[in-house]
Amino acid sequence: MCGIVGYIGSRQAPEICINGLRQLQYRGYDLIGLATVQDGQVHVRTATGKPEAMDQLLTSEPLTGTLGIGHSTWSDQGKASAQDAHPHLSSNHRIAVALSGTVENHQELRENLTAAGCEFRSQSAGEVVAQLVQTHYEGDLRAAVCRAMEQMQGRFALAAMAADSPDELVAARRFLPLVVGIGQGEQYIATDMYSIRDETDRVYVLGDDEVALLTAEGIELTDLQMKPVQREPFVIPQPAAADPKDKGDHRHYMHKEIYEQPDVIRNCLAGRLTSPDLPIQLDGLNMTEQDIRDVRQIIFSACGTANHAGMVGGYLMEKLARISCVFELAAELPSRDPVVLPGSMCVGISQSGETNDTLMALRDLKSKGARVISVLNAEDSTIARESDGVLYIHAGKEIGVASTKAYTLQVLTLSMMALHFAEVRGTADPELIRSLKKELLLTPAVIQQLLSREDEVKAVAQKHYDKPDAFFLGRGVNMASAMEGSLKLKETSYIHSEGYSAGEVRHGPVALLQPSMFVVAIAAQGEVYDMMVANLGGLKGRSAPIIAMATDGDTQVPTAGVDPAADASDPTSQPNDMIWLPPTHEFVSPIAATIPLQLLAYHMADMKGEGIDQPRHLTKTVMPE
Ligand code: F6R
């Protein structure tokens, strides 16, 4: 998702817009642009790079004006080129538009406009929208944007201004977030409300197909037919005491966010799970006890890391609450057209609350009658607005593109949900429920202990970080942990890695094992422990070095599969490299196992000299292509 910041008032717009875009810098944008209206003309400056690049450009080519729009984005045309940066101008240079998101029919619109004689300078959909607004503009910018919106399909947010409407700024959205900030004699537009938090804490959150007309004096909200819309201002919450963008003593946000986990777990537990002897309270679910008893099936749907959290949650829900659970990759769900049985509920999981694939999957399930419950971090997101119930994980802002603390909290929240359902449905031994609650309450201390062992993980990373390939293996509830460990490694270190069931790997992939790669195997105590030890024996025989994760005091795993008779140069003769986990119940072990897996990925990436916080080709929120 791109960033848009707009301003109208009596101060200099470029400065305010750049300051706003600076707040979004952690997203790694590489294109930035600004436009103002001044002396009857639209003036545009675009640059490749960060806001500093724009600062430099403005020194040589100053830009002034009290009405302006700023935009920053990633280049989606390969190498970043200033020509692709927004705001884009219409062909007569009288309209400027900054667009975030996707206009699905932009090619068709481009062809129609070209046939009508318009010439385009870029391949950008933003330029098509600027041109479309121009064709509808007859002195009323808001009306022109409304007419343009009627012709546009997709998910987007936009800001527009016109040389001939020098006292107006227009903002509109469909499915992507956009707010207008309320000031005194000045107003703002922002795709991320926190980017204007330094200017105002009161905003209107625009609804889908709503348009805002901003003048220095005030804001009018309407629908596309220009019928007034009434909305209460939303007060932007105070940022957490510590600025999330301050890395403190950490070199990377990923490392900082791994270390925040004990604290954010306490936030997530607060008010929900306070004592092993009290019932879990999950108010955001919006479900009565009867609703919970009536659930017949749960479909978990999400993407990437959030999908792995859903796999853990579904495993626990089935084991504890005895509800049939299915997992659907959100990106695949709508095209599979799944059958949704009566009494179905779906659980969508998303850090951002804006991931398009997840949103589309939840909409599909909702349209088929499923109750939609979402587990989210970002507040006031599109998924939140479309859900029947929302459980917030309270991770605070996650800046590192590779998700760490959000994953752990998603697993924790889903674990609480499984226990809550089991309590209400009476499907699990009350003593087991009590002991699991006790263990969840202890997770901050367990994580603290794991963090204090970072050097041990680092030493293991040092031994293997230069290998090109890896397998992460687990069984039962920790199959998802293996997949998550593998994803974390590949996205941060660029080591090719596969996450697999330790049982399934024998059905083909094991053919790949060789001494030049490494295997990470999760063999914590629990129901699948003996099977994991047996699998380790088989794997070791294939000569790939093994990093085994086992419970403190385990004596079998360090030597599982070791052949003392093998040649000393053969990894088969060497004991397994060990990462030790404090004892936990198997159902809580995914939370514990995740911490060293995150640290392993972090240190391998760091040893390889990778950037870590902004992995190549990745964005924090994946929108439509
Ligand atoms: C990996 C990662 C991604 C996201 C996925 C879903 O570290 O962060 O796999 O988990 O893109 O994003 P959200 O949770 O925002 O829906």
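Between the side chain of E398 and the main chain of A406, a donor-acceptor pair closer than 3.5 Å is present. Counting only distance, with no hydrogens or angles, the side chain of K256 and the backbone of H250 share no donor-acceptor pair below 3.5 Å. Proximity of a side-chain donor or acceptor of S352 to a complementary backbone N or O of E354 within less than 3.5 Å is detected. In this structure, T288 contributes its side chain and D291 its backbone to a donor-acceptor pair below 3.5 Å. Remark: side-chain polar atoms of D429 are paired, donor with acceptor, to backbone N or O of E431 under 3.5 angstrom. Here the side chain of T408 pairs a donor or acceptor atom with the backbone of T404 at under 3.5 angstrom. Judged purely by atom type and a 3.5 angstrom limit, K608 uses its side chain to pair as donor or acceptor with the backbone of S493. With hydrogens and angles disregarded, a donor-acceptor distance shorter than 3.5 Å links the side chain of K437 to the backbone of L278. A donor-acceptor pair is defined here as one N or O able to donate and one able to accept, closer than 3.5 Å; such a pair exists between the side chain of Q261 and the backbone of I258. The backbone N or O of V372 lies less than 3.5 Å from a partner atom in the side chain of D388, making a donor-acceptor pair.
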task: Would you sort out whether E260 and H255 count as a side-chain hydrogen bond (donor to acceptor under 3.5 Å, both in side chains), showing the intermediate values?
output: CA-CA 9 Å; E260 280 171 6; H255 196 257; over 6 Å; no
message: Using side-chain contact (heavy atoms from CB on, under 4.5 Å), reason through S497 and F472 one step at a time and then give a plain yes or no.
response: CA-CA 7 Å; S497 166; F472 283 66; 3.4 Å; yes
- prompt: Should K366 and E386 be marked as a salt bridge (charged side-chain N to carboxylate O under 4.0 Å, His left out) after you check the CA-CA gap, both sets of side-chain angles, and the distance that decides it?
  reply: CA-CA 9 Å; K366 190 168 191 166; E386 299 196 14; over 6 Å; no
Audit row: Y529, D554, side-chain hydrogen bond (donor to acceptor under 3.5 Å, both in side chains) steps and yes/no: CA-CA 11 Å; Y529 173 78; D554 188 304; 2.6 Å; yes
- request: Could you walk me through whether L419 and L320 pass side-chain contact (heavy atoms from CB on, under 4.5 Å), step by step?
  value: CA-CA 7 Å; L419 282 170; L320 294 167; 4.0 Å; yes
task: Take Q351 and T305 through the test side-chain contact (heavy atoms from CB on, under 4.5 Å) and record every step on the way to the result.
output: CA-CA 9 Å; Q351 188 285 126; T305 285; over 6 Å; no
message: Determine whether R266 and D263 satisfy the following criterion, salt bridge (charged side-chain N to carboxylate O under 4.0 Å, His left out), listing intermediate values before the conclusion.
response: CA-CA 5 Å; R266 284 186 200 99; D263 282 344; 2.8 Å; yes
task: Begin from the C-alpha positions of M417 and F421 and carry the test side-chain contact (heavy atoms from CB on, under 4.5 Å) through to its verdict.
output: CA-CA 6 Å; M417 189 169 153; F421 274 47; 4.0 Å; yes
Salt bridge (charged side-chain N to carboxylate O under 4.0 Å, His left out) between E423 and R434, intermediate numbers included: CA-CA 10 Å; E423 262 180 336; R434 194 179 172 282; over 6 Å; no
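Ring pair H464/F518 is tilted by interplanar angle, where 30° to 60° counts as tilted.
Nearest heavy-atom pair, F327 versus Y315, reported as atom, atom and distance to 0.1 Å: CZ-N, 4.1 Å. When every heavy atom of I292 is checked against every heavy atom of H420, the shortest pair comes out as CD1-NE2, 3.6 Å. Nearest heavy atom pair, residue L581 against residue A524, reads CD1-CB, 4.1 Å. The heavy-atom pair separating G304 from L487 by the smallest distance is C-CD2, 4.0 Å. Closest non-hydrogen pair, A521 versus M532, comes out as CB-CE, 4.0 Å. When every heavy atom of L414 is checked against every heavy atom of F300, the shortest pair comes out as CD2-CE2, 4.1 Å.
Counting only heavy atoms from C-beta outward, the side chains of T413 and C268 approach each other to under 4.5 Å. At a threshold of 4.5 Å between non-hydrogen side-chain atoms, the residues T355 and L359 do not count as touching. In this structure, the side chains of L285 and L391 come closer than 4.5 Å at one or more pairs of heavy atoms. Y392 has its side chain out of reach of V375: every pair of non-hydrogen atoms, C-beta onward, lies at least 4.5 Å apart. The shortest distance between side-chain heavy atoms of N478 and S589 falls below 4.5 Å. In this structure, E484 and V312 have side chains that are not in contact, with every pair of non-hydrogen atoms separated by 4.5 Å or more. Between V347 and S374, every side-chain heavy-atom pair lies at or beyond the 4.5 Å cut-off. Counting only heavy atoms from C-beta outward, the side chains of E504 and M479 never approach each other to under 4.5 Å.
Within the model, atoms OG of S403 and CD of Q598 stand 8.0 Å from one another, a figure rounded to the nearest 0.5 Å. Of the inter-residue distances, the one linking K438 atom NZ with L442 atom CG reads 7.5 Å to the nearest 0.5 angstrom. Atom CE of M578 and atom CD1 of I546 lie 10.5 Å apart (nearest 0.5 Å). If you take CG on L282 and CE on M287, they are separated by 11.0 Å, rounding to the nearest 0.5 Å. Considering CG of L409 and CD1 of I393, their distance stands at 5.0 Å, rounded to 0.5 Å. For the atom pair S301 OG and D357 CG, the distance stands at 9.0 Å (nearest 0.5 Å).
Judged as a salt bridge (charged side-chain N to carboxylate O under 4.0 Å, His left out), and not counting sequence neighbours, the contacts of D552 are R453. Among residues two or more places apart in sequence or in another chain, the ring pair (Phe, Tyr, Trp, His ring centres under 6.0 Å) test is passed with H252 by Y602.
With 3.5 Å as the limit, one finds a donor-acceptor pair spanning the side chains of Y259 and E454.
Within 6.0 Å of NZ in K458 there are 12 or fewer heavy atoms belonging to other residues, nucleotides or ligands.
The only member of V528, L473, L597 that meets side chain to side chain contact (heavy atoms under 4.5 Å, CB included) when paired with I522 is L597. Only one option out of K368, R296, Q297 pairs with S344 in a side chain to side chain donor-acceptor pair (under 3.5 Å); it is Q297.
Both cation-pi conditions hold for K247 and Y253: the charged atom is under 6.0 angstrom from the six-membered ring centre and inside a 45 degree cone around its axis.
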